[in-house]
Amino acid sequence: MKNVTDSFISLIYLSSAEGFRLNTNILETNIINLSVVLGVLIYFGKGVCASCILSNLLDNRKQKILSTIQNSEKLCKGAANQLEQARARLREVEMRARQIRVNGYSQIEQEKEDLINVASVNLKQLENLKNETVHFEQQRVIEQVRQQISRQAVQRALGTLNIRLNSELHLRTIEQNIDLLLAMKNITD
């Protein structure tokens, strides 16, 4: 359409250069010139109406705005869905964290009780072991004291016997012991 308009304009300029020109004064023109001008304007100006162009521009702009609004609404809905999903995941994670925290506290309490019980058992075992060790040491010391006392008693008795024992008493004691042994032998036979 632009080419047709350009060729019409060049025809007017060519005509005016050769002596033929288009009279644009309506009062001086004749019907033929007017009909040619009106025909050309109607033929080439069909889609060039200012209100039509403005209407088309406004319609195009309206369509672009509507499509932008629709796209924005879709994006907003998508973002709202993602936000709701994120909130749901956050609630799950918070609930899981609470469970882990509660389980951790209960596990800590259980381990604390177990450690206290083990320490109590170990303490009782150590107390029993201490008591047994003390008792054993007491028995050992008592036995050592007994042995020492026995040695000392035997040494005193020997000392006393050596002082009081003479050879006659010595022979008499030996004879009595021999008689006792013989009597025991006869009893067992």
Side-chain angles (χ1 to χ4, degrees), residues 47 51-189:
S51 65
C52 294
I53 292 173
L54 186 59
S55 175
N56 279 341
L57 287 174
L58 288 175
D59 285 342
N60 287 341
R61 185 67 180 152
K62 180 181 175 182
Q63 289 301 321
K64 285 181 184 178
I65 290 172
L66 287 176
S67 67
T68 303
I69 289 172
Q70 288 173 349
N71 287 339
S72 297
E73 287 176 352
K74 286 179 186 176
L75 290 174
C76 182
K77 286 179 184 177
N81 287 339
Q82 288 178 349
L83 178 63
E84 188 58 38
Q85 289 173 356
R87 284 181 178 161
R89 276 187 266 143
L90 177 64
R91 284 190 295 269
E92 282 181 31
V93 168
E94 286 176 343
M95 189 170 64
R96 210 174 309 143
R98 269 188 247 117
Q99 274 182 332
I100 289 171
R101 192 177 309 121
V102 167
N103 290 343
Y105 287 143
S106 64
Q107 186 176 3
I108 287 171
E109 288 297 320
Q110 182 64 38
E111 288 179 8
K112 185 172 115 179
E113 288 177 16
D114 290 345
L115 285 174
I116 290 171
N117 290 339
V118 166
S120 176
V121 167
N122 287 342
L123 185 63
K124 286 178 184 176
Q125 288 175 347
L126 287 174
E127 187 70 27
N128 290 339
L129 185 62
K130 180 191 79 160
N131 290 337
E132 288 175 8
T133 304
V134 167
H135 181 69
F136 175 75
E137 287 298 316
Q138 283 176 346
Q139 293 300 323
R140 189 175 63 81
V141 168
I142 290 171
E143 187 60 34
Q144 284 178 349
V145 169
R146 278 185 191 158
Q147 287 175 359
Q148 225 175 5
I149 290 173
S150 296
R151 263 189 250 121
Q152 287 176 358
V154 168
Q155 285 175 356
R156 277 191 204 159
L158 284 175
T160 305
L161 278 177
N162 285 337
I163 293 173
R164 292 187 184 171
L165 187 64
N166 57 20
S167 50
E168 183 183 320
L169 185 61
H170 188 67
L171 286 175
R172 207 178 340 150
T173 307
I174 290 175
E175 285 177 10
Q176 277 181 345
N177 284 336
I178 290 174
D179 290 339
L180 277 174
L181 286 173
L182 287 174
M184 286 173 63
K185 184 180 176 190
N186 287 337
I187 293 173
T188 56
D189 287 336

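Residues: numbered from 1 along the sequence shown.
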Give, for atom CZ of Arg98 and atom CG of Asn103, the distance between the pair rounded to the nearest 0.5 Å. 13.0 Å

From CD1 (Ile69) to NZ (Lys62), nearest 0.5 Å: 11.0 Å

Please assess Asn117 against Glu113 for the test side-chain hydrogen bond (donor to acceptor under 3.5 Å, both in side chains), listing each intermediate value before the final yes or no. CA-CA 6 Å; Asn117 290 339; Glu113 288 177 16; 5.7 Å; no

Taking the side chain as C-beta and beyond, is there a heavy-atom pair between Lys74 and Lys77 under 4.5 Å? no

Closer than 4.0 angstrom, basic N to acidic O: yes or no for Arg140 and Glu137? yes

With distance as the sole test, does Thr160 use its side chain to make a donor-acceptor pair with the main-chain N or O of Arg156 at under 3.5 Å? yes

Identify whether the distance between the nearest side-chain nitrogen and carboxylate oxygen of Glu84 and Arg91 falls below 4.0 Å. yes

Can you spot which of Gln107, Glu111, Lys112 makes a side-chain contact (heavy atoms from CB on, under 4.5 Å) with Glu109? Lys112

Lys130/Glu127 salt bridge by N-O under 4.0 Å criterion: yes

For the OG1 atom of Thr173 and the CD atom of Glu175, what is their distance to the nearest 0.5 Å? 9.5 Å

Between Asn122 and Gln125, is there a side-chain heavy-atom distance shorter than 4.5 Å? yes

Give, for atom CG of Asn71 and atom NZ of Lys64, the distance between the pair rounded to the nearest 0.5 Å. 13.5 Å

So, taking the atom named CG in Asn128 and the one named OG1 in Thr133, what distance separates them when rounded to the nearest 0.5 Å? 10.5 Å

What's the spacing between Gln139 CD and Glu132 CD if we round to 0.5 Å? 12.5 Å

